[in-house]
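Data first, discussion second: the structure below is written as structure tokens.
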Amino acid sequence: MTQLLPELHPFGPHNHTDKSNFRLRDAINKPEALLDYALEIGLSGIAITDHETLASHVKAHQYIEANRDRFGDFVLGFGNEIYLVDREDTLKKKEVNERISFHHFILIAKNNRGYEALRKLSSKAWYNSFFYKGMERVPTYKDDLTAIMQEYQGDVIATTACVGGEMPQTLIEYKRNPTPENKAKVHNLVVWLKGVFGDDLYFELQPSKNEDQLIANEMLYKVGQAYGVKCVVSTDAHYLNRQQALAHKIYLQASEGEREVDTFYATTYVMSQEELLEYFEPELLKELIINTHDIKNSIEPITFAQDVKVPVAKIPPYEMNQFFVPHYMEYEYIRKYSESKYPIDRYYLHLIAEGMISKNQERSKENLSRINTELEELYHITENIGQPLSSYFVLTKDVVDLMWQVSLVGVSRGSASCFYLNYLLDIVQINPLKYDLPHWRFLSKERPELPDIDLDSEGSKRHDIIRITKEAYGEENVLNMGTFTTEGTRSTVLTTCRGMGIDKDIAHNIANLIPTEKGGIWNLKECFEGDPRKGKKPAREFIAEVEKYEGLKEAMLAIEGIVSGRGQHASGVIIFPNGYVEQNAMMKTTSGLPITQFDMVDSVYMGGLKLDYLSINALDRIRAAMELLLEHGKIEWQGSLRETYNKYFHPDVLEMDAPEMFDMLFQGHVLNAFQFETAVGTQALMKINPRNFTELCAGNSLMRLSSDGEQPLDKFVRFKKDISQWYAEMRVAGLHDDEIKILEKHLLDRYGVCDTQEGLMLLSMDEQIAGFTLTQANKFRKAVAKQNKELIEQQRLTFYEHGQEIGTRLEMLDYVWHKLLKPQFGYAFSLPHIAGYTLILMIEMNICFRYGAVYWKTACLSVNAGLIGETEKGTNYGAIAKAVGDMKGDILTLILIYRTLVLLH
């Protein structure tokens with residue numbers, strides 16, 4: 001069959017991806033595969049128009065741009081298939097439980113303004129969503145569409161969608177029953193649509209042998225000519241091609257039983273010009289394709305990538321603290337912040353001064369120089385990103401202050417504790433100068449980007465924290481992050497078997513034949529083909545069982561990995577400066593919780609500011625212990641939770657060195673010792689028998705490292721007992737005395753073992769070893785954190801190349817790489833993270849040491865039993881029995897246990 005015209009490549013205005021599966025099974029197209037196939041069969045572009053969601057757009061956009069050399073001038077449009085209904089009619093029918101027709105309708109953005117309209121309309125539809133007759137419905141009311149389009153006419157293209165649209169349905173009814181009333185309905189609908197969209201309205205014809213669609217095609221063309229509305233062709237693609245029709249049918253039937261799919265979905269795949277000619281006369285098809293080019297040519301590039309927009313933090317009335325005035329001339333960046341054009345910068349400096357006073361920090365050269373250095377980093381990043389970075393820290397301080405209203409807040413998580421300014425603002429509770437944490441691990445002008453501070457709270461208070469955040473910043477400015485569920489390997493097998501009607505027991509048997517290993521379950525490609533690079537051979541038993549059922553393999557491969565639903569991120573929220581529709585769109589979980597339509601990565605790509613409200617049960621236990629200590633008069637309430645904690649349990653007031661306290665830990669009196677409560681952690685404590693905070697930190701990191709020979713933890717213990725063995729190892733490796741001194745500088749306090757990411761970076765940055773820049777060292781760290789063997793090998797080559805360039809001997813490079821760095825390549829903690837989490841353990845130890853282990857054990861009992869914390873698991877009587885057994889008959893303990901059990905019942 002010949003083409004109509006060699007250059008006449010169709011543009012497909014109506015296509016679905018797997019994001020259309022949010023509410024029910026609908027499509028099996030992954031965005032990347034859809035784009036690749038459209039290009040392969042000669043389309044000049046497509047629009048993605050999923051069912052009431054914009055969620056696939058960012059990743060599709062990124063894929064096209066990353067492969068622009070291959071896609072050339074291929075045009076990708078971004079649209080939405082809405083459910084267009086009349087408000088009054090819908091609400092009346094809903095009230096009396098009558099059938100409601102939720103008519104399909106296509107909207108495509110012509111430009112950035114048009115995409116803004118799509119975000120508004122989609123968010124509005126989800127705001128109005130409801131369940132009806134067992135189905136989740138997301139209506140766009142006509143009055144909302146009319147009102148919003150008054151502002152955006154000329155920015156949005158509309159097409160009448162499939163046979164489920166109101167225009168096709170009205171025309172079909174008129175064709176079959178040509179009464180004046182039905183004719184008037186057609187006229188009024190066309191006039192209304194033209195009034196809303198003007199010349200951007202198109203009638204959509206689709207290839208089909210279905211009688212209703214054939215009638216719709218005929219009538220749409222006639223009415224289009226009568227009213228001056230152009231007609232276009234689309235295929236409403238839900239799968240890629242004819243070969244995937246069975247897989248698509250199987251997928252739909254997996255949840256709908258004997259759902260009839262053949263009639264409507266028989267032609268809903270991506271078609272080439274030649275395939276379309278099977279359904280349309282050549283001259284008509286030529287006209288329809290040319291009209292799709294009108295749509296294509298009116299689409300401008302949409303801008304998705306935005307710098308993260310930090311909401312402007314509120315500045316209360318204040319009088320500038322004069323603490324730093326005497327030092328302005330000596331410290332350039334302290335002065336610059338006092339003179340900044342940004343009011344938030346000056347307020348930030350005021351808060352820093354307040355922190356210096358409240359924490360009794362000296363005006364020492366060390367402290368002032370550190371402040372000046374950190375402000376210098378912020379100053380240059382601010383210039384680079386074009387917005388004051390100080391606003392992020394003031395906002396984060398406000399968020400931490402909110403958290404303290406309902407929950408304990410963790411000491412710190414991640415690298416935020418490396419910044420002295422974060423300590424002074426009470427964002428973290430670690431003084432990095434005290435624990436020798438480098439500021440550049442958190443922020444550096446070499447990496448001009450917004451930071452990402454994660455915050456820990458009590459597990460039982462997380463929902464309260466998100467609630468008060470929304471109250472403080474406005475519901476329209478805070479959304480929980482949306483997540484997408486996907487068909488994993490096992491669920492793919494079960495879903496596909498269910499859709500094919502294969503017995504449930506057989507399906508589970510097939511699924512159980514999927515190989516698993518430490519890294520997780522194999523994917524289907526690995527099962528069928530193996531992976532020689534990973535030493536994986538095809539799973540013969542699995543293959544043999546699958547091949548008993550014709551079409552099962554092909555269907556599973558088509559279904560694996562597709563999005564199958566939506567959910568709520570457990571801890572993440574996105575905060576917006578001027579309402580979420582400027583950067584995102586809202587949808588809801590099935591329980592009605594508003595969430596972002598875009599996942600976390602895409603939301604941040606579009607400029608959303610992410611906050612992670614993480615939780616750890618250790619804080620629930622500490623809170624429970626505080627309540628017991630208050631009840632028994634061991635500590636006194638200081639007017640607020642935060643002040644009470646600061647007086648008794650803040651890291652600045654903890655006992656850090658008492659031998660008896662470490663004895664209690666070693667002897668097992670500190671139940672659920674944070675980070676050491678597993679069998680591996682207990683074994684690490686037994687081996688190291690830590691006697692100070694540094695050794696405790698080392699244990700926290702070393703128990704996570706592994707190597708082919710002697711384990712890093714065992715080496716640490718051996719070198720701790722006899723440090724001369726470390727020196728012997730270095731000499732056997734051929735190191736000279738001056739090289740040994742270089743390594744002493746880095747590792748003597750860690751007994752010759754490099755156990756942290758920062759240690760790795762410092763060794764690689766040392767100008768007498770490899771001379772990495774901070775950027776290079778950070779790249780090295782990330783490669784190790786990702787456990788990416790290819791990236792690590794690239795870093796090895798760079799490490800040796802740089803080292804030899806600056807004159808480092810090969811023996812030194814070999815020792816550093818193989819003996820010091822390589823054990824981290826499986827897993828490694830960061831030093832600030834270890835310090836923060838080990839300090840939480842120090843709080844637990846202080847409770848036991850200062851007030852008696854009975855209070856801590858009873859607190860653990862309360863949380864472990866489900867009385868306090870994330871209580872949906874219910875009472876854990878096994879945990880109660882274990883905790884009671886650990887308490888060894890202490891009378892006061894048993895009394896407290898009795899009272900706790902009374903509360904439980």
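A quick note: this is a predicted structure, and the numbers were derived from the prediction, not measured.
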How far does [atom1] of [X] sit from [atom2] of [Y], to the nearest 0.5 angstrom?
X    : Y    : atom1 : atom2 : answer
S417 : I427 : OG    : CD1   : 12.0 Å
S407 : E458 : OG    : CD    : 4.0 Å
L609 : I574 : CG    : CD1   : 7.5 Å
M664 : M845 : CE    : CE    : 9.5 Å
Q667 : L685 : CD    : CG    : 12.5 Å
T396 : D454 : OG1   : CG    : 10.5 Å

Between Y648 and Y851, how do the two ring planes meet: parallel, tilted or perpendicular, split at 30° and 60°?
perpendicular
Parallel, tilted or perpendicular: ring planes of H833 versus Y837, cut at 30 and 60 degrees
tilted
Does the Lys NZ or Arg CZ of R623 fall within the cation-pi geometry relative to Y645 - under 6.0 Å from the ring centre and within 45° of the axis?
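No, R623 does not lie over the aromatic ring of Y645.
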When you measure from the centre of the six-membered ring of Y423, is the NZ or CZ of K359 under 6.0 Å away and within 45° of the axis?
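Ring-cation test returns yes.
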Does a side chain donor of either E376 or Y331 reach within less than 3.5 Å of an acceptor in the other side chain?
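Short answer, no.
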Can you tell if the side chain of [X] reaches within under 4.5 Å of the side chain of [Y], non-hydrogen atoms only?
X    : Y    : answer
L437 : N431 : no
I465 : L402 : no
L349 : L375 : yes
L450 : L389 : yes
Y392 : L378 : no
H569 : Y613 : no
Q711 : K687 : no
M686 : F666 : yes

Do any N or O atoms from the side chain of [X] and from the backbone of [Y] form a donor-acceptor pair under 3.5 angstrom?
X    : Y    : result
K610 : G572 : no
E758 : L831 : yes
T858 : Y855 : no
R462 : A570 : yes
N321 : A353 : no
T483 : G567 : yes
E655 : D657 : yes
E844 : F674 : yes
N372 : Y333 : yes
S444 : W440 : no

Carboxylate-amine/guanidinium proximity below 4.0 Å for [X] and [Y]:
X    : Y    : answer
K314 : D398 : no
D714 : R718 : no
E374 : R370 : yes
D652 : K647 : no
D620 : K461 : no

Between [X] and [Y], what is the shortest heavy-atom contact and its length?
X    : Y    : result
G639 : T644 : N-OG1, 4.4 Å
P651 : Q429 : CD-OE1, 3.5 Å
F662 : P690 : CD2-O, 3.3 Å
A313 : S391 : N-OG, 3.4 Å
L455 : V400 : CD2-CG2, 3.9 Å
D401 : R642 : OD1-NH1, 2.6 Å

For atom [atom1] of [X], decide whether the heavy atoms of other residues, nucleotides or ligands shown that lie under 6.0 angstrom number more than 12.
X    : atom1 : value
E744 : CD    : yes
E710 : CD    : yes
K819 : NZ    : no
K634 : NZ    : no

Should Y435 and F693 be marked as a ring pair (Phe, Tyr, Trp, His ring centres under 6.0 Å) after you check the CA-CA gap, both sets of side-chain angles, and the distance that decides it?
CA-CA 10 Å; Y435 297 98; F693 178 74; 5.2 Å; yes
Is there a side-chain contact (heavy atoms from CB on, under 4.5 Å) between R750 and T756? Walk through the geometry before answering.
CA-CA 10 Å; R750 313 295 277 196; T756 66; 3.9 Å; yes
Determine the sole option in D456, I843, V863, V409 for which the side-chain contact (heavy atoms from CB on, under 4.5 Å) test with L619 is passed.
D456
Using the side-chain contact (heavy atoms from CB on, under 4.5 Å) rule, take F676 and L696 through it: C-alpha gap first, then chi angles, then the decisive distance, then the call.
CA-CA 10 Å; F676 289 92; L696 199 54; 4.2 Å; yes
Hey, mind stepping through E660 and F849 against side-chain contact (heavy atoms from CB on, under 4.5 Å) and telling me if it holds?
CA-CA 8 Å; E660 300 87 350; F849 174 64; 3.8 Å; yes
Between V428 and F419, is the side-chain contact (heavy atoms from CB on, under 4.5 Å) condition met? List the steps.
CA-CA 9 Å; V428 302; F419 235 49; over 6 Å; no
